[in-house]
Peer 1: 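Before I ask anything, let me first share the structure, which is written out below as structure tokens.
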Number of protein chains: 2
Amino acid sequence: MDRTEVDRCDCNVIHKDIVDAVKGKMPSEENLYDLAELFKVFGDSTRIKILWALAESEMCVCDIAALLNMTQSAISHQLRVLKQARLVKNRKEGKVVYYSLDDDHVKQIFSQGLSHISE
Amino acid sequence: MDRTEVDRCDCNVIHKDIVDAVKGKMPSEENLYDLAELFKVFGDSTRIKILWALAESEMCVCDIAALLNMTQSAISHQLRVLKQARLVKNRKEGKVVYYSLDDDHVKQIFSQGLSHISE
DNA sequence: TGAATAATTGAACAATTGTTCATATATTCA
DNA sequence: TGAATATATGAACAATTGTTCAATTATTCA
């Protein structure tokens, strides 16, 4: 590891080569941060439900609100988060805004997650 | 949708069949909650870094701390979270506790996440 | 135009989270 | 045994988060 950092225990000396090798293989700080930000979006059951619903069918805001038995406002706030993460897209038809999935990976990420849970 | 719930806009009437169909296909409330809890664990860059490091090599607590330039305590707290989520396991060798990945899906979930980010 | 509808937005609030600090536990070895 | 080391833990703190409420915007249609 960098000589600018303090060795905090003997392991750091003994395992120096292993730690150095791992450090060399780690993705960039930025990529790891973005990855965490993405999973943070999946880490809320309201958003998970919205994504799951949209995986079945395009829906408007008030339909999602009715489906999840929550307020339109709460759903709208969460749809904003999902859109910023480029996980959903929308189209406007008169007063009504229809949302749908904007990513092929969502279903696959869900599938891996479910596999882990049901182990 | 349930007649016990209030229709909050005309869409709920117009789209009734679609919403009903989606409702019928949704996984259980419990599964969706567990899925969100799992992704919540992935939704922190410290934990992402730890998982990524362990995907390369088994490591002890103080090595991870040195690698990420964080305190031993902070790492230990996060390893606890990861262990509760059954994402890492550990073995003790004297004073030293070695942690490693405990799940085959981690790398695949990462891979899907990265695909989305680099779109 | 003006009332009604669908959606968005911003502020506020409680609840949750990640780190730090101090302390406790477990193990080695002189 | 007692000092040193590696890890774990609990309390406390600031920071972040999700929902609610009230108000605003955009659109339809009578």
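Per chain, numbering begins at 1; letters A, B, ... match sequence-line order.
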Peer 1: Using 0.5 Å steps for rounding, measure from the CG atom of B:D103 to the CG atom of B:L38.
Peer 2: 8.0 Å
Peer 1: Could you grab the distance from atom OG of A:S100 to atom CE of A:M59, nearest 0.5 Å is fine?
Peer 2: 11.0 Å
Peer 1: In residues 89-98 of chain A, what residues come within less than 4.0 Å of DNA chain D, judged by heavy atoms?
Peer 2: A:K92, A:G94, A:K95
Peer 1: With B:Q112 as reference, evaluate A:Q108, A:K107, A:H105 under the side-chain hydrogen bond (donor to acceptor under 3.5 Å, both in side chains) test and give the passing residue.
Peer 2: A:Q108
Peer 1: Does a nitrogen or oxygen in the side chain of B:R80 sit under 4.0 Å from OP1 or OP2 of D:dA8?
Peer 2: no
Peer 1: Between B:C60 and A:R47, just flag the one whose closest nucleotide in DNA chain D comes earlier from the 5' side.
Peer 2: B:C60
Peer 1: Where do A:C11 and B:C62 land on the disulfide bond (SG atoms under 2.5 Å apart) test, with the steps shown first?
Peer 2: CA-CA 7 Å; A:C11 302; B:C62 69; 3.4 Å; no
Peer 1: Indicate yes or no: at least one non-hydrogen side-chain atom of B:L114 is less than 4.5 angstrom from one of A:L35.
Peer 2: yes
Peer 1: Quick check: is B:F110 connected to B:L82 through a chain of hydrophobic side chains (ILVMFWY, heavy atoms under 4.5 Å apart)?
Peer 2: yes
Peer 1: When you compare the side chain of B:M26 with that of A:L68, does any pair of heavy atoms fall below 4.5 Å?
Peer 2: yes
Peer 1: Can you give one letter per nucleotide of nucleotides 20-25 of chain D, 5' to 3': B if a protein heavy atom sits under 4.0 Å from the base, S if only from the sugar-phosphate, - if neither?
Peer 2: BBB---
Peer 1: Does a side-chain N or O of B:Y99 approach OP1 or OP2 of D:dA6 to a distance below 4.0 Å, or not?
Peer 2: no
Peer 1: State plainly whether one hydrophobic cluster holds both A:L79 and B:L32, where clusters connect Ile, Leu, Val, Met, Phe, Trp and Tyr through side-chain heavy atoms under 4.5 angstrom apart.
Peer 2: yes
Peer 1: Under 4.0 Å from any heavy atom of chain B: name the first and the last nucleotide of DNA chain C that qualifies, 5' to 3'.
Peer 2: C:dA6 to C:dT28
Peer 1: In this structure, is the centre-to-centre distance between the rings of A:Y98 and B:H15 below 6.0 Å?
Peer 2: yes
Peer 1: CZ/B:R86 to NZ/B:K89 distance, rounded to the nearest 0.5 angstrom?
Peer 2: 13.0 Å
